[in-house]
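Side-chain atoms are counted along with the backbone in the values below, which use heavy atoms only and exclude waters and symmetry mates.
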Amino acid sequence: MEQVWCGSSLIVLWDVTDPGGRKAAPSVVGGRNVDHICIATTPFDHEALRTHLEDHGVTIIQEAYHGGARGMGHSFYIHDPFGNKIEIKGPVDYPDGRSRD
């Protein structure tokens, strides 16, 4: 089990290949019920995050500027150590969902 603190929120990640994590395994072999989780953040330096992730051996699998629950903003997508996809999304540029164009 790994625990990740995100502000005052705790995310618990289970390695489903470990006997202690079997209760978190999907009921269907190879099945998943979540595409990814999104962690909404306060403003951050994009280049500093890229460097931090690289320094810790974490590969950015996608960067995007798109809409979401709170509007248009920049996102980084990574995988956690167990293969779950995590989106790190900075604050929105347009809270009402308008695009830059």
Side-chain angles (χ1 to χ4, degrees):
M1 176 183 70
E2 297 291 334
Q3 296 181 337
V4 180
W5 285 96
C6 185
S8 61
S9 299
L10 174 64
I11 300 169
V12 178
L13 304 169
W14 285 97
D15 178 355
V16 297
T17 65
D18 183 273
R22 291 200 180 146
K23 66 181 178 184
S27 58
V28 177
V29 176
R32 303 178 75 110
N33 67 351
V34 175
D35 176 69
H36 72 283
I37 62 167
C38 177
I39 299 172
T41 69
T42 57
F44 61 88
D45 180 313
H46 294 175
E47 192 55 41
L49 179 60
R50 287 183 196 100
T51 300
H52 178 80
L53 293 171
E54 183 178 341
D55 288 350
H56 290 85
V58 178
T59 301
I60 297 170
I61 57 174
Q62 179 185 0
E63 283 190 53
Y65 180 85
H66 56 81
R70 295 184 175 161
M72 300 297 292
H74 193 94
S75 294
F76 290 84
Y77 292 85
I78 61 172
H79 283 123
D80 73 10
F82 306 118
N84 300 298
K85 190 184 336 175
I86 298 174
E87 175 185 4
I88 303 168
K89 186 168 186 175
V92 300
D93 293 330
Y94 299 103
D96 64 0
R98 293 179 293 127
S99 69
R100 289 181 183 226
D101 302 335

Next on the checklist: Once side chain to side chain contact (heavy atoms under 4.5 Å, CB included) is applied, do any residues pair with Asp18, and if so which ones, sequence neighbours excluded?
Outcome noted: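 Listed in chain order: Asp15.
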
Item to check | Residues which pass side chain to side chain contact (heavy atoms under 4.5 Å, CB included) with His66, listed by chain and number, not counting sequence neighbours | outcome: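 Per chain and number, His66 pairs via side chain to side chain contact (heavy atoms under 4.5 Å, CB included) with Ala64, Ser75, Tyr77, Glu87.
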
Show me the donor-acceptor pairs, under 3.5 Å and distance only, between side chains in residues 52-60 and residues at least two apart or in other chains.
residue : atom : partner : partner atom : Å
His56   : ND1  : His52   : O            : 2.8

[atom1]/[X] to [atom2]/[Y] distance, rounded to the nearest 0.5 angstrom?
X     : Y     : atom1 : atom2 : value
His36 : His79 : NE2   : NE2   : 11.0 Å
Ile86 : Ile37 : CD1   : CD1   : 4.5 Å
Asp45 : Thr51 : CG    : OG1   : 8.0 Å

Checklist entry - Considering all heavy atoms of both residues, which atom of Tyr65 and which atom of His74 are nearest to each other, and what is their separation? => result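 Looks like CD1-N, 3.8 Å.
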
Item to check | Heavy-atom pair with the smallest gap, counting every atom of Gly90 and Thr41 | outcome: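 In this case the closest contact between Gly90 and Thr41 is CA-OG1, 3.4 Å.
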
Checklist entry - Do you reckon Ile88 sits in the same ILVMFWY cluster as Ile61, going by side-chain contacts under 4.5 Å, direct or chained? => result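 Cluster IDs for Ile88 and Ile61 differ.
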
Checklist entry - Can you list the residues that meet the side chain to side chain donor-acceptor pair (under 3.5 Å) rule with Glu47, with sequence neighbours excluded? => result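 With neighbours one apart ignored, the set is Arg50.
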
